[in-house]
Amino acid sequence: FPRECLAGKRVVITAGPTREALDPVRYITNHSSGKMGFALARAAVEAGASTTIIAGPVALETPEHVQRVDVTSARDMATASNELAAEADIFIACAAVADYRPAEAQTSKIKKTGESITLALTRNPDIVASVAQRENAPFTVGFAAETDNVVAYARGKLERKGLALIVANDVSNSQIGFNSNENAATLVWADGQRELAQANKNTIARQIIDQIAGMLPTNSPK
Ligand code: C5P
């Protein structure tokens, strides 16, 4: 892992879950500890990058030399991401964003009345796709958690969202991912792929940063 391989680069990373309010006391969310995103932030700092993490609600300490912006909902994360991506060389979307939010967040607590209630949900913006599709987009990296046909689905996502690189995880393997300190992944890009064997998230993060550094266009300062 070459030190200083991202010297002078600005890296922005989303991490953790988002939280979508139903009412003042309830929300919907995804499983996500934020550990992978925070490990990526540490690896980016080690590689010499100026690093910002946009964090959903997670119980993690901010790594040294990392700037942190805390957000709650997907829409908050989208706003922060669009702002910070304008100044970034590399954008890594590691967050487990809620795909839908309650159509209307109630201002008072929803009361228990009938035996069942129905929730109307609205699609959230796709943060990484909108960053990848901006003019002068940073080198944009996504994650894909899949249970089957992992690489094929990841490749589809790479193309659909317009990403430079995607990190595909097999989430049917309970040894890794989510709350675990370990992960394994396949890196997938337009004309190649690379397997990362099961290892702790810091090791996986360094390998991802190393892959990104090797793919960056040289001498095209932004
Ligand atoms: O489409 P899917 O949710 O499987 O894609 C996962 C990738 O897209 C991750 O990199 C995740 O951070 C990103 N994503 C996003 N905004 C969304 C949904 C997913 O940035 N609303």
Side-chain angles (χ1 to χ4, degrees), residues 11-21 27-41 43-44 52-58 60 69-86 88 90-103 121-134 137-172 176-178 183-190 193 196 201 204-205 208-209 211-212 215:
V11 177
V12 174
I13 300 165
T14 68
T18 66
R19 198 177 266 184
E20 313 296 326
Y27 54 83
I28 49 182
T29 192
N30 281 324
H31 280 295
S32 173
S33 63
K35 285 175 185 169
M36 191 66 235
F38 278 58
L40 279 163
T52 303
I53 198 154
I54 303 171
V58 294
L60 296 174
V69 177
D70 285 307
V71 296
T72 305
S73 69
R75 285 189 295 177
D76 296 342
M77 187 176 276
T79 303
S81 296
N82 284 318
E83 248 172 62
L84 291 165
I90 299 162
F91 182 85
I92 309 175
C94 198
V97 182
D99 290 320
Y100 294 88
R101 65 175 178 275
L121 301 175
T122 303
R123 188 84 174 252
N124 269 327
D126 191 314
I127 299 166
V128 74
S130 66
V131 167
Q133 282 151 34
R134 31 184 320 136
F139 184 94
T140 305
V141 182
F143 276 70
E146 306 288 350
T147 53
D148 39 23
N149 297 321
V150 176
V151 170
Y153 282 127
R155 199 169 278 291
K157 228 164 253 190
L158 179 85
E159 288 165 13
R160 208 166 47 248
K161 300 193 188 211
L163 309 178
L165 176 69
I166 195 157
V167 183
N169 283 118
D170 183 348
V171 290
S172 66
I176 57 178
F178 291 149
N183 208 347
T186 309
L187 305 185
V188 179
W189 61 96
Q193 67 185 64
L196 305 183
K201 285 180 176 173
I204 297 286
I208 294 170
I209 292 295
Q211 179 70 33
I212 294 170
M215 287 178 78

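Counting starts at 1 for both ligands and their atoms, following the listed order. Remember, it's a predicted structure, so these values are computed and weren't measured experimentally.
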Short N/O distance, under 3.5 Å, between Ala144 and ligand 1?
no
Counting only nitrogen or oxygen atoms and a 3.5 angstrom limit, does Lys157 reach ligand 1?
yes
Would you mind reporting whether Val128 and Ile166 have side-chain heavy atoms less than 4.5 Å apart?
no
If we number the atoms of ligand 1 from 1 as shown, the ones under 4.0 Å from a heavy atom of Ala95 are 11 (C), 12 (O)
Just distances here: any N/O of Lys161 and N/O of ligand 1 closer than 3.5 Å?
yes
At less than 4.0 angstrom from any non-hydrogen atom of Gly142, what atoms of ligand 1 do you find?
10 (O)
Going by the closest heavy atom to atom 21 (N) of ligand 1, which one wins out of Pro125, Ala74, Gly37?
Pro125
Inter-residue atom distance Phe91.CZ - Leu84.CG, 0.5 Å rounding:
8.5 Å
Residue and atom name of the nearest protein heavy atom (relative to atom 9 (C) of ligand 1), distance in Å to one decimal
Phe143 O, 3.2 Å
Pair Leu165-Ile90, side chain to side chain contact (heavy atoms under 4.5 Å, CB included): steps then yes or no:
CA-CA 11 Å; Leu165 176 69; Ile90 299 162; over 6 Å; no
Using only heavy-atom distances, determine whether the side chains of Asp76 and Thr79 contain a donor-acceptor pair under 3.5 Å.
no
Rounded to the nearest 0.5 Å, how far apart are CZ of Phe38 and CD1 of Ile53?
4.0 Å
For Ile127 and ligand 1, does the shortest N/O to N/O distance drop below 3.5 Å?
yes
Quick one: nearest non-hydrogen protein atom to atom 3 (O) of ligand 1, plus distance?
Asp99 OD1, 3.9 Å
Can you tell me if CZ on Phe139 sees more than 12 non-hydrogen neighbours from other groups inside 6.0 Å?
yes
Look only at interatomic distance and state if Ala96 has a nitrogen or oxygen under 3.5 Å from any nitrogen or oxygen of ligand 1.
no
Any chance you could measure Ile13, atom CD1, to Ile54, atom CD1, to the nearest 0.5 Å?
9.5 Å
Minimal non-hydrogen separation, Arg75 against Pro125, with atom names:
CG-CD, 4.1 Å
Against heavy atoms of Val97, which atoms of ligand 1 measure under 4.0 Å?
15 (C), 16 (N), 17 (C), 18 (C), 21 (N)
For Val131 and Ala85, which heavy atoms make the closest approach, and how far apart are they?
CG1-CB, 3.8 Å
Can you find an N or O of Ala93 that's nearer than 3.5 Å to an N or O of ligand 1?
yes
Between Val128 and ligand 1, does any nitrogen or oxygen pair lie at a separation below 3.5 Å?
yes
